[in-house]
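Letters A, B, ... are given to chains in the order of the sequence lines, protein chains preceding strands, and every chain is numbered from 1.
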Amino acid sequence: MDFYKRIAAVGKHIPKGKVTTYGQLALLCGKPNNARQVGYALNRGRIGKDFPAYRVVNGQGYLSGAAAFEAPDMQRRLLEADGVEVMKNNRIDLKVFGWHSTIEEAEFFYDLFLEMGI
DNA sequence: TAGGTGACGCGGT
DNA sequence: CACCGCGCCACCT
């Protein structure tokens with residue numbers, strides 16, 4: 001299993017106007033205890049330039065990776081361009097903008113990984 | 001090879 | 001809300 005390739009594959013399905021979390025990506029990729037590695041991979045650019053890293057926040061809705069973008073407010077501006085409301089404290093209301101993936105989607109990705117051989 | 005690190009997460013105080 | 005501790009684990013020294 002190639003964790004990083006899986007992350008890249010899932011990233012293409014995060015809906016515009018929604019955000020996901022490190023933990024949820026790890027879960028969908030089959031490693032529920034590897035949320036830290038998702039952050040690590042993004043920080044080190046291991047996923048790929050086309051991956052929408054700005055749509056990933058931590059479990060509390062905070063833009064914990066904002067400092068790693070080209071500009072400190074880059075992630076915020078990209079999200080607002082998506083129609084996502086970012087609060088003053090650099091936080092997002094996950095109840096409203098969180099991507100709540102379903103069991104069906106989890107199974108979809110499981111099958112996708114199988115097809116892709118990753 | 002042994003330890004330190006961290007875009008994490010959860011539970012407790 | 002703010003801390004804090006702990007479990008987690010691929011990567012780096």
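In this structure, A/R36 atom CZ and B/dA7 atom P are separated by 8 Å, rounded to whole Å. To the nearest angstrom, P of B/dC8 lies 13 Å from CD1 of A/I7. Put simply, CE on A/M87 is 14 Å from C1' on C/dC1, counting in whole angstrom units. For the pair A/L42 CG and B/dG6 C1', the computed distance is 13 Å after rounding to whole Å. Atom CG in A/L27 sits about 17 Å away from atom P in C/dC8, given to the nearest Å. We find that NZ of A/K31 is positioned 15 Å from C1' of B/dC8, with the value rounded to whole Å. Note: CG (A/L79) to P (B/dA7) measures 18 Å, nearest angstrom. Here B/dC8 presents its P atom at 9 Å from CG of A/N43, a figure rounded to the nearest Å.
Between A/K12 atom NZ and A/L112 atom CG the span is 9.5 Å, to the nearest 0.5 Å.
A donor-acceptor pair under 3.5 Å is absent between the side-chain atoms of A/R91 and the main chain of A/G61, judged by distance alone. In this structure a side-chain-to-backbone donor-acceptor pair under 3.5 Å is present from A/R6 to A/I118.
Donor-acceptor pairing under 3.5 Å is recorded for the side chains of A/D82 and A/Y54.
Backbone-only engagement by A/N34 is indicated by non-hydrogen atom pairs under 4.0 Å involving sugar-phosphate atoms exclusively.
In terms of heavy atoms, A/L28 sits closest to A/F113 at O-CE1, 3.3 Å. Heavy-atom minimum distance, A/W99 versus A/I14: CZ3-CG1, 3.9 Å.
Taking 3.5 Å as the limit, the base of C/dA10 and the side chain of A/Y40 contain no donor-acceptor pair of atoms between them.
In this structure, C/dC1 forms no base pair with any nucleotide, since neither Watson-Crick nor G-U wobble geometry is met with both distances under 3.5 Å.
Ranked by how close their nearest DNA chain C nucleotide is to the 5' end, A/N89 and A/R44 are led by A/N89.
The phosphate of C/dA10 (OP1 or OP2) has no side-chain N or O of A/R46 nearer than 4.0 angstrom.
Partner of A/L63 under the side chain to side chain contact (heavy atoms under 4.5 Å, CB included) criterion, chosen from A/N89, A/L79, A/V19: A/L79.
The stretch residues 48-73 of chain A touches DNA chain B through A/A53, A/N58, A/G59, A/S64, A/G65, A/A68, A/F69, each having a heavy atom under 4.0 angstrom from the strand.
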